[in-house]
There are 2 protein chains.
Amino acid sequence: MASTVRAYAAKELGQPLEVIELKWRELPPGEVEVQVESCGICHSDLSMLHNEWGIAQYPFVGGHEVIGKIVAVGEGVEASRIGQRVGVGWSSKSCLKCQTCLSGDHNLCATVEGTIVGRPGGFAERVRSQAEWAIPLPEALDPLTSGPLFCGGITVFNPFLQFGVKPTDRVGIVGIGGLGHMALKFARAWGCEVVAFTSSESKRDEALELGAHSVLNSRDEAALLPHQGTFDLILSTVNVTLNWPLYIDLLAPRGRLHTVGAIAEPVSLIAFPMIGGQKSFSGSPTGSPVGIAKMLNFCGRHDIAPVTQAFPMSEINQAMAHLESGQARYRVVLDADWK
Amino acid sequence: MASTVRAYAAKELGQPLEVIELKWRELPPGEVEVQVESCGICHSDLSMLHNEWGIAQYPFVGGHEVIGKIVAVGEGVEASRIGQRVGVGWSSKSCLKCQTCLSGDHNLCATVEGTIVGRPGGFAERVRSQAEWAIPLPEALDPLTSGPLFCGGITVFNPFLQFGVKPTDRVGIVGIGGLGHMALKFARAWGCEVVAFTSSESKRDEALELGAHSVLNSRDEAALLPHQGTFDLILSTVNVTLNWPLYIDLLAPRGRLHTVGAIAEPVSLIAFPMIGGQKSFSGSPTGSPVGIAKMLNFCGRHDIAPVTQAFPMSEINQAMAHLESGQARYRVVLDADWK
C-alpha cells in the first residue's frame with residue numbers, strides 16, 4: 001500500500017533541514033518498515049549532507065543509526081516481526097546470494113546498500129530496511145541511546161570479532177570521540193589492557209572513565225617511544241594522517257595497526273619493520289547482521305551504551321550543528337517527536 | 001678447544017672471495033658446530049657482500065643456507081646430537097628468554113642474530129649455531145639441495161603457517177624467482193588454487209610446472225582487471241614497488257597482500273578500499289625453529305625441494321656471479337669440496 005512519510009531533508013546542497021513529504025510505493029518483498037523512535041547522528045550524515053563523497057542525492061534525508069518498531073512487513077517476511085523493536089545502521093540491504101553474503105560477510109557484499117545512499121534514512125517518521133538488516137534490539141538496551149551502536153559502535157566492535165583479539169592483548173585506541181569512546185568501552189569489557197591515544201589533554205580523565213587503563217598524548221611523540229613494541233592492536237578511529245612508522249613501531253611482534261577512519265591521503269608504510277616484526281596494516285567497515293547481534297548481546301551483558309546527548313528530532317538543525325562543532329560528548333541522538 | 005677453520009671471505013668491500021683462516025675460541029655453551037656439506041647462496045649474501053644494508057664486517061664470510069653434520073656441541077647441549085644432520089638458516093641465535101621467544105616466535109626476538117651478521121657463515125668448513133637453530137634435516141630430504149629451504153623456503157612457507165591460509169583459498173605468488181618458485185610449490189601442496197604473477201613471459205611454462213594453475217603477466221594490467229576481488233592471499237616475493245592499489249583491488253573481501261620483499265620505497269596504500277573490503281597489508285621474516293621443522297616435514301611428505309644449480313664451493317666466485325646475473329633457475333647451492 002502506498003503511503004506518505006514525513007522526513008527532515010536538505011532540499012539542495014547547503015540548505016538547512018526541513019520537513020518534506022515522501023511518497024512511498026508499496027513495501028517491497030523482503031523488507032520491513034520501521035517507525036522511528038530515535039536516530040543517532042553520525043559524522044557520515046554530515047559528510048553526505050555536504051556531499052563530500054559525491055554520492056548524495058537531493059532532497060537528502062540522513063539518519064542511519066535508527067531505533068524503532070517494525071510496523072509493516074513485505075512479502076516473505078514473518079508477520080510475527082510486527083511490533084519488534086529493531087535497529088538499522090549504515091547498511092540496510094545486501095544481495096544475500098553472493099559468496100560473500102553466504103559466508104556471513106554481508107557488510108562486505110559488493111552490492112551492499114547504504115541506508116542513506118540513494119534513499120531516505122532515519123531522520124523521518126519511518127524507514128525501510130531489508131528484514132535481515134533490521135536487527136532486534138535486546139530488552140536490556142535503551143531505545144533512546146542505542147542507535148549509535150548500529151554504525152559507530154559496530155565499526156569499532158567488529159575488529160575485535162574479526163581479528164582474534166584476546167583478553168590478554170594490549171590494545172591502543174586512537175582518537176577518543178564518537179567511535180573511540182565506544183572502542184574504549186568494548187576493549188575494556190573484552191578484557192584487554194586498554195590505552196587511549198588522544199591529542200586532547202582535556203579528554204584524559206574521560207578516557208580513563210570510559211575504560212582506558214592509561215592515556216597517552218598522541219602529540220607528545222617522546223612519550224610514546226617507551227611503548228615501542230608493546231601493542232598487539234592499535235585501532236585508529238581518526239581520519240587524519242598519523243606518523244605511520246611510529247605507530248608501526250609501537251606494535252608488538254605480530255601486531256596490527258587497524259584503521260576505521262577513511263584517511264583521504266595515501267597511507268605510507270615502510271616494509272622493512274613490518275617484515276621484521278610480522279606486522280599488519282588493515283581496515284574494515286561496520287559489520288554483518290550477525291556481528292551486530294553479537295555486539296548487542298555483548299553490550300547487554302556488559303552494560304555498555306554509547307555516551308549520548310539527546311535532542312528532539314524537531315531540533316535537528318541545532319543537533320547537526322552541535323555535532324559539527326566538535327563539541328559532542330560523544331554521540332548525538334534524536335528523540336523522534338513527530339506530532 | 002680453540003681451532004682453525006678455513007672460509008671463503010671478502011677481505012674488503014668489492015674484493016673477490018678467497019680462502020682465509022678463522023681462529024675460533026672454544027665452542028660457547030648452548031651452541032653446536034656444524035661441518036658444512038652444502039650451502040645455498042641467497043640474494044641477501046650478495047646484499048651483505050656489497051654492504052647494501054651497512055652492517056657487513058670484513059673479512060666477510062657469507063652463507064646462511066647451510067646443511068651439514070654436527071661435529072661438536074657446547075656445554076649444555078646433548079652429546080647425542082653429534083653426527084646429526086642439520087640445517088642452519090638466516091637466524092642462528094635468539095635469547096630464548098623473552099616473551100617473544102617463549103611464545104615460539106624466536107624469529108621475531110628483538111635480539112635474534114643473523115648467521116652472517118657479525119660472524120662467519122657457511123661458506124666455510126664449519127659454522128656455529130645455537131643448538132635450537134640447528135634444525136634436524138629429515139632423512140627424506142636431499143642434503144645437497146635442501147639448504148635454500150632454511151632461508152628462502154621458510155620465508156615463503158611461514159605466511160601459510162601464520163595467517164590461517166586454507167586449502168580452499170585462491171593464492172597469488174608475485175615474482176617467480178628464488179623465493180617465488182618455492183612459494184608456488186608450497187601453495188600447490190597446501191591445496192590452494194595457485195596463480196603465478198610474473199613479468200617474464202619466459203617463465204610461464206616453468207611456473208605451471210612448479211605448481212601454478214594459471215599464470216598472469218604482471219606487466220599487463222588490463223589482463224589483471226578481471227581478477228579483481230578474487231585473491232584471498234597475494235604473496236609478493238619481489239622488492240620493487242608494485243601498483244599497490246591494483247593489488248589491493250585484486251584481493252577478495254578479507255584478503256591479505258603480504259610482502260616478504262623488503263621494498264626500499266614507502267608502500268603507499270589507500271585506506272578507503274582496504275576499509276571497504278576488510279583488507280590487510282603485512283610482512284614477515286623467515287620463521288621460527290618450530291616453523292622450519294614443520295616446513296621440512298611438509299617438504300618430505302609432499303616431495304618438495306628447491307630447484308637448484310650446484311657449484312663446487314671452490315667455484316664460489318663463479319657461483320655468486322651466476323646468481324648476480326639473474327640467470328639462476330632458481331637457487332644456487334655450493335657443494336663443499338674442501339681438500
Side-chain angles (χ1 to χ4, degrees), chain A residues 53 98-101 103-110 112 155 158-159 161-164 228-230 236 239-242 244-245 248 251-288, chain B residues 53 98-101 103-110 112 155 158-159 161-164 228-230 236 239-242 244-245 248 251-288:
Chain A
W53 304 329
C98 69
Q99 293 294 302
T100 303
C101 280
S103 299
D105 292 331
H106 303 73
N107 56 317
L108 307 180
C109 172
V112 68
T155 296
N158 204 38
L161 277 183
Q162 296 300 321
F163 299 115
Q228 284 183 319
T230 64
S236 173
N239 60 5
V240 296
T241 291
L242 301 178
W244 301 114
I248 293 290
L251 295 175
R254 297 172 171 272
R256 175 184 297 273
L257 174 58
H258 187 80
T259 185
V260 295
I263 311 109
E265 283 188 300
V267 175
S268 182
L269 299 169
I270 310 299
F272 202 78
M274 295 186 70
I275 291 171
Q278 195 182 307
K279 296 176 180 180
S280 297
F281 171 80
S282 52
S284 67
T286 63
S288 71
Chain B
W53 303 328
C98 68
Q99 293 292 303
T100 303
C101 281
S103 299
D105 292 333
H106 304 72
N107 56 317
L108 307 181
C109 172
V112 68
T155 296
N158 204 39
L161 277 182
Q162 295 301 320
F163 300 115
Q228 285 182 319
T230 65
S236 174
N239 60 5
V240 296
T241 291
L242 301 178
W244 301 115
I248 293 289
L251 295 176
R254 297 172 170 272
R256 176 184 295 273
L257 174 59
H258 187 79
T259 186
V260 295
I263 311 109
E265 285 188 298
V267 174
S268 182
L269 300 169
I270 310 298
F272 202 78
M274 295 186 72
I275 291 171
Q278 196 181 307
K279 296 176 179 180
S280 297
F281 171 80
S282 53
S284 67
T286 64
S288 70

S.K.: Looking only at heavy atoms, which two atoms of A:Pro285 and B:Gly276 are closest? And how far apart?
M.R.: CG-O, 3.6 Å
S.K.: About how many Å separate OG1 of B:Thr230 and CD of A:Gln99, when rounded to the nearest 0.5 Å?
M.R.: 12.5 Å
S.K.: Identify which part of B:Asn239 has an atom lying under 4.5 Å from any heavy atom of chain A, answering side chain, backbone, both or neither.
M.R.: neither
S.K.: Which atoms form the tightest heavy-atom contact between A:Thr259 and B:Ile275, and what is the distance?
M.R.: O-CG1, 3.7 Å
S.K.: If you compare all heavy atoms of B:Thr100 against all heavy atoms of A:Pro253, which two are closest, and at what distance to 0.1 Å?
M.R.: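 Answer, listing the atom of B:Thr100 first, then A:Pro253: OG1-CG, 3.8 Å.
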S.K.: Taking C-beta and beyond as the side chain, do B:Asn158 and A:Gln278 meet within less than 4.5 Å on heavy atoms?
M.R.: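 SC-SC contact between B:Asn158 and A:Gln278 confirmed.
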S.K.: Taking all heavy atoms of A:Phe281 and all of B:Met274, pick out the closest pair and write down the distance.
M.R.: O-CE, 3.7 Å
S.K.: Measure the spacing between OG of A:Ser282 and CG of B:Leu269 and express it to the nearest 0.5 Å.
M.R.: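 So the gap between those two atoms works out to 11.0 Å.
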S.K.: CG/B:Leu108 to CZ/A:Arg254 distance, rounded to the nearest 0.5 angstrom?
M.R.: 6.5 Å
S.K.: If we define contacts as heavy-atom pairs under 4.5 Å, which of B:Ala262, B:Ser280, B:Ser103, B:Ala271 has the most with chain A?
M.R.: B:Ser280
